[in-house]
Structures are given as C-alpha cells and as structure tokens.
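What follows is one structure encoded as structure tokens, with my remarks underneath.
Numbering starts at 1 and runs along the sequence shown.
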Amino acid sequence: MSPANPLNAYKETKIKSSSPVKLVIMLYDEAIKHIDTAIDLLDKGDKRLDLVNNSIIKAQDMVTELMVSLDFDRGGEIAMNLNNLYFYFNQQLMEANIQKNCDMLRPVRSMIADLREAWNTISSQVAVGAENHNRNYHGVNIAG
C-alpha cells in the first residue's frame, strides 16, 4: 500500500476536528471556489466544457450537502428558508450548466458569499462568547 496523500490527510483531519459552524463555512467556501472556476472558464471562452460541467456539479454537491444538514426541528422557519434558498441555488446552477451561462452563476455566487459571511460572523460571535465564558469561569472550589 502506498502512503496516504498528506494533503488529503490534512483535509480529513481539519474536517473531523471542525465545529458544525466551521463545516458550514467550509461547504460555502468550496461552493464558491467551484463556481468561480466555472465562471473563469466561461469568461475566458475555454472550450473544455467538461471542466465547467464538473465545477458546477461540485458546487451543486456542496449546496446539496448544506440542504441535507439542515435541522428543521431546531431551525424552524430559518431552516425552511435556507432550504428554499438552497433549492433555488441548485436550480440556477443546473440551468447555468445546461446553458453554460456565467451570468446565471454570478448572482448565486454572490448570495452564497453573503451567507458565508453571515455564518462567519456567527462563528466569530460564538468564539468570543465562549472565550468570555471561559475567562469569567474560575472553576468549582471543592475545598469549600
């Protein structure tokens, strides 16, 4: 057996050790990356449409993963709204892929980037809240 690819091992460790919020951000990052690749190829007039197709499908995979990770019991209306938005993203991505139209990709990319920033803000606030909690927590005095 050949040794494992160090980059893949790093990515796997990063995923396994990330919080749920960080995982959502990583999915957004990957979707944006693949949409950017497709836009770049289409803007350049690249004839390798298979690469465009693969990039858009990978972006759709990221959006689908975001959809299936929604918790409708705890997320309520927000989860429903996100589900509808993700469904819209996948429809637009599919149509952009069929038409090979980067103008259809740009608004989706923009909205995904906005959502990513919102989740990043949430992540920062959670981290600050945890830090403040830990700073004010002095442990239990078991000595009495």
Side-chain angles (χ1 to χ4, degrees), residues 1-140:
M1 250 186 174
S2 64
N5 179 334
L7 181 58
N8 287 342
Y10 168 77
K11 286 180 182 178
E12 185 176 331
T13 301
K14 185 176 177 183
I15 290 169
K16 287 181 179 179
S17 63
S18 293
S19 71
V21 173
K22 289 288 186 189
L23 290 173
V24 169
I25 293 169
M26 284 192 264
L27 287 169
Y28 285 131
D29 286 341
E30 279 297 305
I32 291 167
K33 179 180 90 172
H34 292 297
I35 293 170
D36 284 345
T37 299
I39 289 171
D40 186 51
L41 290 167
L42 289 170
D43 276 345
K44 289 179 179 175
D46 197 307
K47 299 297 181 200
R48 296 174 297 171
L49 298 180
D50 59 318
L51 297 178
V52 173
N53 178 64
N54 291 342
S55 292
I56 294 173
I57 288 174
K58 286 178 183 175
Q60 284 180 282
D61 289 345
M62 299 302 115
V63 172
T64 299
E65 191 64 34
L66 288 163
M67 286 176 86
V68 299
S69 70
L70 291 171
D71 183 343
F72 294 100
D73 293 333
R74 292 181 20 202
E77 188 177 342
I78 292 172
M80 289 299 296
N81 291 338
L82 283 171
N83 186 62
N84 292 337
L85 199 53
Y86 295 154
F87 184 78
Y88 167 76
F89 291 163
N90 267 337
Q91 283 183 312
Q92 290 300 109
L93 290 168
M94 182 179 64
E95 192 60 35
N97 200 3
I98 291 167
Q99 295 183 25
K100 300 300 185 253
N101 182 338
C102 62
D103 290 333
M104 295 180 77
L105 294 171
R106 286 187 174 96
V108 172
R109 190 236 184 259
S110 176
M111 287 186 272
I112 291 174
D114 289 345
L115 286 169
R116 187 233 181 260
E117 285 309 307
W119 280 93
N120 194 49
T121 300
I122 291 167
S123 175
S124 298
Q125 290 173 349
V126 167
V128 167
E131 184 179 307
N132 288 339
H133 174 74
N134 290 338
R135 188 177 310 131
N136 296 328
Y137 180 72
H138 301 290
V140 177

### Message
Looking at Q99, I'd like to know if its CD atom is crowded, meaning that more than 12 non-hydrogen atoms belonging to other residues, nucleotides or ligands lie closer than 6.0 Å.
### Response
yes

### Query
Is a salt bridge present between D40 and K44, judged by a nitrogen-to-oxygen distance below 4.0 Å?
yes

### Message
Nearest 0.5 angstrom please: Q60 CD to M67 CE, how far?
### Response
11.0 Å

### Task
For S123 and W119, indicate whether the former's side chain and the latter's backbone hold a donor-acceptor pair under 3.5 Å.
no

### Query
Could you state the interatomic distance from CD (E65) to CD (E30), rounded to the nearest 0.5 Å?
12.0 Å

### Test item: S110 side-chain N/O and R106 main-chain N/O as donor-acceptor pair under 3.5 Å
no

### Query
Who are the salt bridge (Lys or Arg N to Asp or Glu O under 4.0 Å) partners of D114, not counting sequence neighbours?
none

### Message
Looking at N97 and L93, would you say the former's side chain and the latter's main chain have a donor-acceptor pair under 3.5 Å?
### Response
no

### Task
State the CG-CE distance between L70 and M80, to the nearest 0.5 angstrom.
9.5 Å

### Message
Side chains of N101 and L105, heavy atoms from C-beta outward: is any pair under 4.5 Å?
### Response
no

### Query
Is the number of heavy atoms from other residues, nucleotides or ligands under 6.0 Å of I78 CD1 greater than 12?
no

### Message
If I take atom NE2 from residue H34 and atom CG from residue D29, how far apart are they, to the nearest 0.5 angstrom?
### Response
10.5 Å

### Point-to-point distance, once rounded to the nearest 0.5 Å, from OG of S55 to CG of D50
9.5 Å

### Message
Any non-hydrogen side-chain atom of V63 less than 4.5 Å from a side-chain atom of F87?
### Response
no

### Message
If you apply the rule side-chain contact (heavy atoms from CB on, under 4.5 Å), what do you find for T37 with I56, and how did you get there?
### Response
CA-CA 9 Å; T37 299; I56 294 173; over 6 Å; no

### Within-4.5 Å side-chain heavy-atom neighbours: M104 and E95
yes

### Query
Hey, does F89 have a side-chain heavy atom less than 4.5 Å from the side chain of L115?
yes

### Message
Looking at K100, I want to see if its NZ is surrounded by more than 12 non-hydrogen atoms of other residues, nucleotides or ligands under 6.0 Å.
### Response
yes

### T64 side chain near Y86 side chain, heavy-atom distance below 4.5 Å
no

### salt bridge (Lys or Arg N to Asp or Glu O under 4.0 Å) partners for D46, two or more places apart
R48

### Query
Can you check whether N90 reaches Y88 side chain to side chain, under 4.5 Å on heavy atoms?
no

#### Entry: Test log, rule side-chain contact (heavy atoms from CB on, under 4.5 Å), inputs L66 and Y28
CA-CA 8 Å; L66 288 163; Y28 285 131; 3.5 Å; yes

### Message
Distance check, rounded to the nearest 0.5 Å: C102 atom SG versus I35 atom CD1?
### Response
12.0 Å

